[in-house]
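Some notes on the structure that comes next.
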Amino acid sequence: MIDYKGVDFGKILKRYDIGSQNETTPESVAKKMLPSDPVFKKVAECVLYMKFKDVGPAVAEALKSKPALDVINDGLVVGMECVAKLYAEHIYYLPEIMMAAKTMEIGIALAEKQIPGGRETKGLVVMHAAEGDPHDIGKNIAAVMLRSSGYSVIDMGKDVAVNDVVDEVVKSKPMLVTGTALMTTTMTAFPRAAEILRGKGIDIPFMAAGGAVNRDFAESFDLGIYSEKAPQTPPIADKIKAGYDWRKVREEWDSIVGGE
Ligand code: B12
């Protein structure tokens, strides 16, 4: 048995505290990246500092003066971008990321309630995060944006098996299917799913999104189209609703998302 009584944990933690050897701190990132608008700043800070008890009141307060989508994009998402920066700099680790992600989810759920729904649907979209991929925050934001633009969404969640995606598309016949991959090891699920869909004679666009993919990859397989940021999804969906197939979306992609 090791006797820990005489161990000074303060010294151990100091020795392995990489943060103390790095000039980046949560405060320095906050200074550079947080929005100047005090309402959005307060919301973003809740995510950055993982204040999951404060995020509800902060979002509720923000919703009194700001549109719900702006509270998500200019507050919650910016906070998460700060977290991603701190993770990349080895200041934050997985526990912080998980707590920040949870904080963001609480905020999104609250803001989403304020987005008008119940209108006649423009069309159905099936969304998922790739097989093996647990990253679903970006997908959840894109789902909020599609719903708020009048689309119905079947959100299959994260780590969805290729065959389950195919089965859902066959069953519910959406106008668009989206896949999110933040890991280079999971993005290959998209061409596999698209190939099976093609084999079944299904020709709907398959939107590949998330940090692991780029436009070249998304357009490297039949059905594949690209979306870089969640807010680009509704304008692309509008074109598909207007009759564009995946080839035409590719041709006109720059002008479709250009207004962003
Ligand atoms: C949060 C996070 C997590 C959380 C995810 C929580 C959740 N519910 O999503 C947790 C802690 C679970 C996690 C786990 C892991 N993670 Co992680 N994670 C991140 C982190 C820090 C932020 C991602 C994020 O949510 N950003 C905020 C959102 C808003 O941004 P976004 O997802 O990029 O979305 C934007 C666009 O991509 C786009 N978008 C995204 N999806 C969609 C969908 C549609 C339809 C559209 C239109 C647009 C769109 O729009 C959004 C903005 O508008 C990134 C770092 C980074 N810089 O991205 C690493 C990162 C993605 N993780 C990574 C890794 C390696 C892992 C782990 C394997 C780590 C480990 N060693 O255990 C595990 C996964 C284990 C497993 N297989 O289960 C790597 C992936 C590397 C790679 N290229 O393969 C990254 C890049 C970190 C790094 N630099 O190494 N992670």
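Both ligands and their constituent atoms are indexed starting at 1 by order of listing. Here the structure is a predicted model, which means the values were calculated and not measured.
- Comparing heavy-atom distances from atom 44 (C) of ligand 1 across Ala230, Gly211, Ala129, Ala209 singles out Ala209 as nearest.
- Using 4.0 Å as the threshold, Lys85 has no heavy atom nearer than that to any atom of ligand 1.
- Counted by atom type alone, Tyr244 and Glu252 present one or more donor-acceptor pairs between their side chains at under 3.5 Å.
- No chain of hydrophobic side-chain contacts below 4.5 Å, direct or via other Ile, Leu, Val, Met, Phe, Trp or Tyr residues, connects Met98 to Ile108.
- Taking each heavy atom of Thr180 and Gly210 in turn, the nearest pair found is CG2-CA, 4.2 Å.
- Closest non-hydrogen pair, Ala218 versus Tyr226, comes out as CB-CB, 3.6 Å.
- Counting all heavy atoms, side chain and backbone alike, Pro205 lies closest to Leu176 at O-CD1, 3.6 Å.
- Interface of Lys139 with ligand 1, defined as ligand atoms under 4.0 Å from a residue heavy atom, comprises 41 (N), 42 (C), 43 (C).
- Taking atom 27 (C) of ligand 1 as the reference point, the nearest protein heavy-atom neighbour is Met80 CG, 3.5 Å.
- At under 3.5 Å, not a single nitrogen or oxygen of Val77, backbone or side chain, sits near a nitrogen or oxygen of ligand 1.
- Distances shorter than 4.0 angstrom occur between a heavy atom of Glu228 and an atom of ligand 1.
- The atoms of ligand 1 that sit less than 4.0 Å from any heavy atom of Ser227 are 47 (C).
- Considering Leu86, Thr180, Val78 only, the shortest heavy-atom separation from atom 41 (N) of ligand 1 involves Thr180.
- Scanning the protein for heavy atoms near atom 57 (N) of ligand 1, the closest one is Ala84 CB, 3.7 Å.
- Counting only heavy atoms from C-beta outward, the side chains of Val257 and Pro235 never approach each other to under 4.5 Å.
- Of all non-hydrogen atoms in Gly157 and Lys139, the two that sit nearest each other are O-CE, 3.4 Å.
- For atom 35 (C) of ligand 1, no protein non-hydrogen atom is found at a distance below 4.0 Å.
- Scanning the protein for heavy atoms near atom 11 (C) of ligand 1, the closest one is Met98 CG, 3.4 Å.
- Note on Asp254 versus Arg215: salt bridge recorded, some NZ/NE/NH1/NH2 to OD/OE distance being below 4.0 Å.
- Atom 7 (C) of ligand 1 has Asp136 OD1, 3.4 Å as its closest protein atom, hydrogens excluded (heavy atom only).
- Looking at ligand 1, you'll find an N or O of Thr184 within less than 3.5 Å of one of its N or O atoms.
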Identify all side-chain donor-acceptor contacts of residues 125-134 below 3.5 Å with residues at least two apart in sequence or on another chain.
| from | atom 1 | to | atom 2 | distance (Å) |
| --- | --- | --- | --- | --- |
| His128 | ND1 | Thr178 | O | 2.8 |
| Glu131 | OE1 | Val162 | N | 2.7 |
| Asp133 | OD1 | His135 | N | 3.0 |
| Asp133 | OD1 | His135 | ND1 | 2.8 |
| Asp133 | OD2 | Leu182 | N | 2.9 |
| Asp133 | OD2 | Met183 | N | 3.2 |
| Asp133 | OD2 | Thr186 | OG1 | 2.7 |

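- Summarising the contacts of atom 37 (O) of ligand 1 with Gly210, Gly179, Gly138, the nearest heavy atom is found in Gly210.
- Nearest to atom 25 (O) of ligand 1 among the protein's heavy atoms is Ile137 CD1, 3.3 Å.
- Within the 4.0 angstrom cut-off, atom 48 (C) of ligand 1 has one or more protein heavy-atom neighbours.
- Using a non-hydrogen distance threshold of 4.0 Å, Ala212 does not register as a contact of ligand 1.
- Contact annotation for Asp133 and ligand 1: no heavy atom of the residue comes within less than 4.0 Å of the ligand.
- For atom 15 (C) of ligand 1, the nearest protein heavy atom is under 4.0 Å away.
- For atom 17 (Co) of ligand 1, the count of nearby protein N, O or S atoms, meaning those under 2.8 Å away, is 1.
- For Phe190 and Phe206, the gap between ring centers is short of 6.0 Å.
- For atom 3 (C) of ligand 1, the nearest protein heavy atom is under 4.0 Å away.
- Counting protein heavy atoms under 4.0 angstrom from atom 76 (C) of ligand 1 gives one or more.
- The Gly132 neighbourhood of ligand 1 comprises atoms 77 (N), with distances under 4.0 Å to a heavy atom of that residue.
- Pairs of residues two or more places apart, or lying in two chains, never qualify as ring-ring contact (aromatic ring centres under 6.0 Å, His included) while including a residue from residues 153-180.
- For the pair Lys42 and Glu45, the salt-bridge criterion is not met [side-chain N within less than 4.0 Å of a carboxylate O].
- Counting only heavy atoms, the protein never gets under 4.0 Å from atom 79 (C) of ligand 1.
- For the ring-ring contact (aromatic ring centres under 6.0 Å, His included) condition, no pair includes a residue of residues 37-76, sequence neighbours left out.
- Between the side chains of Trp246 and Asp222, no donor N or O sits under 3.5 Å from an acceptor N or O.
- For Thr233, no nitrogen or oxygen atom sits less than 3.5 Å from a nitrogen or oxygen atom of ligand 1, counting backbone and side chain alike.
- Protein non-hydrogen atoms do not reach within 4.0 Å of atom 30 (O) of ligand 1.
- With hydrophobic clusters built from ILVMFWY side chains whose heavy atoms lie under 4.5 angstrom apart, Val39 does not share a cluster with Leu110.
- Atom 54 (C) of ligand 1 lies below 4.0 Å from none of the non-hydrogen atoms of the protein.
- Against a heavy-atom cut-off of under 4.0 Å, Ala142 is close to the following atoms of ligand 1: 44 (C), 45 (C), 46 (C).
- Placement of Val166 and Ile204 within a single hydrophobic cluster is found when ILVMFWY residues are connected by side-chain heavy-atom separations under 4.5 Å, directly or transitively.
- A salt bridge links Glu89 with Lys85: the distance from a Lys NZ or Arg NE/NH1/NH2 to an Asp or Glu carboxylate oxygen falls below 4.0 Å.
- Contact record, Val47 with Val83: O-CG2, 3.9 Å, taken as the closest heavy-atom pair.
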